[in-house]
Trainee: 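This is the structure I have questions about; it appears just below.
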2 protein chains.
Amino acid sequence: MAKTNKNHDTEGQILSAAENIFQKKGMDGARMQEIADEAGINKAMLHYYYRSKQLLFEAVFTNAFSLLAPQLNKILNDDSSIEDKVKNFTHNYISFISKHPYLPNFIIQELNRNPKFFEKIQRNAAFPTLEKFKNQVNQEVEKGILKPINGEQLFINIISLNIFPFVATPLIKGFLKIENKAFKKMMEERKVSVSEFIINSIKK
Amino acid sequence: MAKTNKNHDTEGQILSAAENIFQKKGMDGARMQEIADEAGINKAMLHYYYRSKQLLFEAVFTNAFSLLAPQLNKILNDDSSIEDKVKNFTHNYISFISKHPYLPNFIIQELNRNPKFFEKIQRNAAFPTLEKFKNQVNQEVEKGILKPINGEQLFINIISLNIFPFVATPLIKGFLKIENKAFKKMMEERKVSVSEFIINSIKK
DNA sequence: TTATGGTTTAACTATTTGGTTAACAAAGAT
DNA sequence: ATCTTTGTTAACCAAATAGTTAAACCATAA
């Protein structure tokens, strides 16, 4: 029995508006009324479909995380060499985030506010694991392809170089005294320069 | 005329309590009453000394920024080689942040919430500039000490590698499945491994 | 001693905000 | 047609919260 009655995907419109507002303002800064206005829908409907601010927020959060996890999973668990993984991830990730610039900061901020959220997400099927990546790094080090390096530290370095500029955008714009256009150009350059920077460092 | 009357540094106690609360919860998440409780001081005093939540927040924010700016200035404007700068900055910065773990996230978060804050801070005397650093990178590239690299991108890489793990601590703990103790150990290792990682990449 | 002026407190206010409710609308089932 | 279920709305409520106020407090100077 399909969800009929009137209802032009009200539930979806609410979620979409909630994504906009929550990702820009966070749980504490967001207002239910503002989300309702953004959706052009009566505020009571937010509670009708999602019960509470907390639950609506969690829907947005797990949704956001589900967008990012596959990106990571791909680099961590396919069969290409570390070098190719670094190249692909750097290129793909920066492309992806350029389209969703609020995403990384949103996730990091809300995870800081309530670290217990991680448990809820971890039950997600697509949750990334590091085992394969670590083993692969060790193997390539043994084979003499890579200089000796700890897989976990390399992982931290890769995500730091790729994610940080999008988390700290206003800070970087301020230090470099650049505006949006120049910033985007620099991020475009980073699709290549970051992987070069990493490969230069680890390849024997 | 010294500030006499009773007043056991009430103003300072308020600021200190406000730092704790604002840095953990942000402007939106913090409550004036909670700051008053943390300081053990009547809430009206917060307004007596700082007028409004906004102004108290700004006092905390500029204070926090003034702690970080000199660290950056040092690396950017002393006369040592790029290699030494990277080594010193990495070591000193990670040591410093380990003692103030909420600081980077606080600044980044609030700068995202209100990018205009940067203007207020920029008038600060100790505000870091990149000119000298960029020139120095160019010179060392010309001399053949460093591989060709853009100074601004190198700067982004350095601060990304150093700051990101402290901004995204819960995320990294989650991915690596580690707790506080192991995390601290990894950050301790990074005092050396990050500068090695960078030097390996850029040195000819 | 007492007048002065900065400091402190408890009680209060106005507004914001998450959440509820009761009445109403509309679509499908009977 | 009308009954039932689901969706929608405006008005409302209670709690939270930034900010105010008037009275009390207390150290100092005259």
Trainee: From the options A:Y50, A:Y102, A:F106, A:F57, select the one residue that forms a ring-ring contact (aromatic ring centres under 6.0 Å, His included) with A:F22.
Mentor: A:F57
Trainee: On the nucleotide D:dG19, are OP1 or OP2 found under 4.0 Å from the side-chain N or O atoms that B:R51 carries?
Mentor: no
Trainee: In whole Å, I'd like the distance from the CG atom of A:D9 to the P atom of D:dT8.
Mentor: 10 Å
Trainee: What are the two closest non-hydrogen atoms of A:L55 and A:R51, and how far apart are they?
Mentor: CD1-CB, 3.7 Å
Trainee: Mapping A:M45 and B:K43 to their closest nucleotides on DNA chain D, which lands nearer the 5' end?
Mentor: A:M45
Trainee: Rounding to an integer number of Å, can you tell me how far A:L46 CG sits from D:dG7 P?
Mentor: 15 Å
Trainee: Just by distance, do the side chain of B:K85 and the backbone of B:D79 share a donor-acceptor pair under 3.5 Å?
Mentor: no
Trainee: For C:dT16, does either OP1 or OP2 sit under 4.0 Å from a side-chain N or O belonging to A:R31?
Mentor: no
Trainee: Can you tell me how far P of D:dA16 sits from NZ of A:K53, to the nearest Å?
Mentor: 14 Å
Trainee: Please find the pair of heavy atoms, one from A:G29 and one from B:D28, that lie closest to each other, and give the distance.
Mentor: CA-OD2, 3.3 Å
Trainee: Using whole Å, what does the distance between atom C1' of nucleotide C:dG18 and atom CD1 of A:I21 come to?
Mentor: 16 Å
Trainee: Using a 6.0 Å cut-off, check whether atom NZ of B:K134 has over 12 heavy atoms from anything other than its own residue.
Mentor: yes
Trainee: So if I take every side-chain heavy atom of B:A44 and compare against C:dA10, D:dG19, D:dT8, which nucleotide ends up nearest?
Mentor: C:dA10
Trainee: How close or far is atom P of C:dT15 from atom CD of A:Q33, stated in whole angstroms?
Mentor: 18 Å
Trainee: In whole Å, what is the span from the CE atom of B:M32 to the P atom of D:dT20?
Mentor: 10 Å
Trainee: Quick check on D:dT9: is either OP1 or OP2 less than 4.0 Å from any side-chain nitrogen or oxygen of A:Y48?
Mentor: no
Trainee: For B:A36, report the nucleic acid contact type (base, sugar-phosphate, nothing); a contact means any heavy atom under 4.0 Å.
Mentor: nothing
Trainee: If the cut-off is 4.0 Å, is A:T10 near the phosphate of D:dG7, judged by side-chain N/O to OP1 or OP2?
Mentor: no
Trainee: Just how far, in rounded Å, is P of C:dT8 from CD of B:E11?
Mentor: 10 Å
Trainee: Among the candidates D:dA18, C:dA10, C:dT8, find the nucleotide nearest to the side-chain atoms of B:N42.
Mentor: C:dA10
Trainee: Between B:L55 (CG) and D:dA18 (P), how many Å, whole number?
Mentor: 14 Å
